[in-house]
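Start at 1 and go down the list; that is how both ligands and their atoms are numbered.
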Amino acid sequence: MMKFFNTLTRQKEEFEPAKPDKVGLYCCGPTVYNYAHIGNLRTYVFEDFLRRALEFNGYIVNHVMNITDVGHLTSDADEGEDKMKKGAEREKKTVWEIAEYYTQAFLEDMDRLNLLKPTAKPKATDHVEEMIDQIKQLEENGFTYIGENGNVYYDTSKFEHYKELGQLEKQESEAVARVEVDPNKKNPHDFVLWFVESKHGDQEMQWDSPWGRGFPGWHIECSAMSSRYLGDQFDIHCGGIDHIPVHHTNEIAQAEGASGKHPWVKYWMHGNFLVMKDKEKMAKSGENFLTIATLIQKGYDPMDYRYFCLQSHYRKELAFDWDGVDAARTGFRRLREKVMALGDTEGEIDQGYIDKFMDAISDDLNMPQALAMAWELMDDVSIKDADKLSTIKKMDTVLGLKLDEPIEFELPPQITQWILERNEARDNKDWAKADEIRDKIQESGKWIVKDGAGGTEVVPK
Ligand SMILES: [Zn+2]
């Protein structure tokens, strides 16, 4: 029996899906206006462990992740600029081009971190009709009103469960203080379901609706698309803890207000933050926005970061610094070397280890403990190599570390450029320049430069 900490009840609960062997899982996806920060990616790594742990327990998981390509303002509470528009202005592209480019970039990051592909990854712009339908349903059920600005608002005072997920009653003053006073709103927590043209006339993405031409609020997409792909009620909804008080609270209000069914989602699971250990130092060295490309540039394998995430429980804050990633990288390499040294003959799965591993992953996804089990197995001299190999491969279906595959590494574009320049310098017998470029490469990250028959070779340290 799996147990999860449910944000709704603030308790660890036994997991019982509505259907005995199938699980409906919805994960809030990226807003595709920029590269994903590794802090956001930590949440997707946690969700990947969850999906794999469920599958390890025999469930068939219907995993839906949305792609937000419209409607997300810089604040979750209807304030600030439109994120997509901001990205388009920054790069002098259309919002559609921005959406396409960063969706691809995100999927590539998922691949590099060995995250399983969701069963469905619907785009918000492909589902505006479903959003309009849900707003119409809410209107019919008496949950909406039109502000003086013409926008359609959700009247949170009409929904009795509004404050449950975020325990907003307890944190009332704090939560209200964060919400900007909008004279159009009847209650401080009310939020926009549909923005009309009058307010955002220069919005490139617009659709006709019963309330006028405009675009949807951010929250409506998740409740509309999850209902479309997973039904009126489903098992697990995930996201980062920052989504609890506004985005997920509003999603519940929309879904339950429209369908009249309670509870919409039985288990809510939230991943904690990645925090920078030395923010000031990181900012000074231009490292306040770390992406997978930053890791690659420095000579890390994105999988080093996966291992780094694995070492900490998803509900705890994870403190990031380069020493920590270095330690993870060393641990990961040592583990992979041990597995590679087992040879390739498989034997029998050691059930004792698998049981302990299963206990760990089923106990609210205790991945650090699961990883400790993998190490214990590798260091256990009483188990035959062939059996170890079969057992670790089974564990790796959850760890997702590709432990039995040789390490691949990706050369960043800058390094490739330097290699070309160095080969050219060597062809011209400009040894001083060749040495200078060699030093530049080695100082830029964890790279070693070697001179092979085909010229400069660069490998990770
Ligand atoms: Zn969402």
Side-chain angles (χ1 to χ4, degrees), residues 6-8 24-34 36-37 39-44 46-48 50-51 62-78 82-84 99 102-103 106 110 115 118-128 130-131 134-135 138 154 156 159 161-162 164-166 189 191-195 215-259 263-273 314:
N6 187 353
T7 308
L8 255 187
L25 169 67
Y26 187 86
C27 302
C28 289
T31 299
V32 285
Y33 75 116
N34 203 340
H37 183 274
N40 297 123
L41 290 169
R42 183 191 178 200
T43 306
Y44 298 99
F46 137 62
E47 291 161 351
D48 187 64
L50 172 63
R51 152 115 180 247
N62 190 359
H63 172 199
V64 179
M65 181 191 79
N66 64 305
I67 303 277
T68 298
D69 53 1
V70 64
H72 195 179
L73 306 186
T74 43
S75 148
D76 294 348
D78 302 340
D82 181 286
K83 283 192 174 178
M84 296 304 298
Y102 288 110
T103 301
F106 182 79
M110 284 188 81
L115 307 182
T119 326
K121 33 181 197 312
K123 283 186 202 171
T125 50
D126 288 339
H127 295 276
V128 175
E130 283 93 334
M131 300 182 214
Q134 196 163 65
I135 301 171
L138 285 167
Y154 190 106
T156 55
F159 180 60
H161 302 291
Y162 189 76
E164 284 172 11
L165 180 75
H189 292 294
F191 56 94
V192 179
L193 295 162
W194 187 265
F195 290 95
F215 65 99
W218 172 44
H219 315 296
I220 193 74
E221 69 172 82
C222 286
S223 51
M225 292 197 281
S226 56
S227 303
R228 155 88 162 70
Y229 289 89
L230 296 167
D232 277 347
Q233 290 177 294
F234 60 93
D235 303 302
I236 311 176
H237 194 313
C238 292
I241 50 167
D242 48 326
H243 286 164
I244 299 171
V246 180
H247 182 53
H248 288 169
T249 290
N250 292 351
E251 280 188 38
I252 294 173
Q254 294 165 160
E256 296 191 10
S259 75
W264 170 44
V265 172
K266 200 166 167 193
Y267 306 92
W268 284 84
M269 293 176 70
H270 291 96
N272 209 326
F273 292 124
Y314 77 93

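The shortest heavy-atom contact between His247 and Cys222 is NE2-SG, 3.5 Å.
A donor-acceptor pair shorter than 3.5 Å cannot be found between the side chains of Tyr229 and His63. No hydrogens or angles considered: nothing links the side chains of Asp69 and Tyr102 as a donor-acceptor pair under 3.5 Å.
Checking His243 against the Zn ion (ligand 1), every N/O/S atom stays at or beyond the 2.8 Å cut-off. Because the distance cut-off is set at 2.8 Å, His248 fails to qualify as a neighbour of the Zn ion (ligand 1), as none of its N, O or S atoms comes that close. None of the N, O or S atoms belonging to His219 lies under 2.8 Å away from the Zn ion (ligand 1).
The minimum distance between the Zn ion (ligand 1) and any N, O or S atom of Glu251 involves atom OE2.
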Fill in: Trace of the ring pair (Phe, Tyr, Trp, His ring centres under 6.0 Å) decision for Trp194 with Phe215
CA-CA 6 Å; Trp194 187 265; Phe215 65 99; 7.5 Å; no
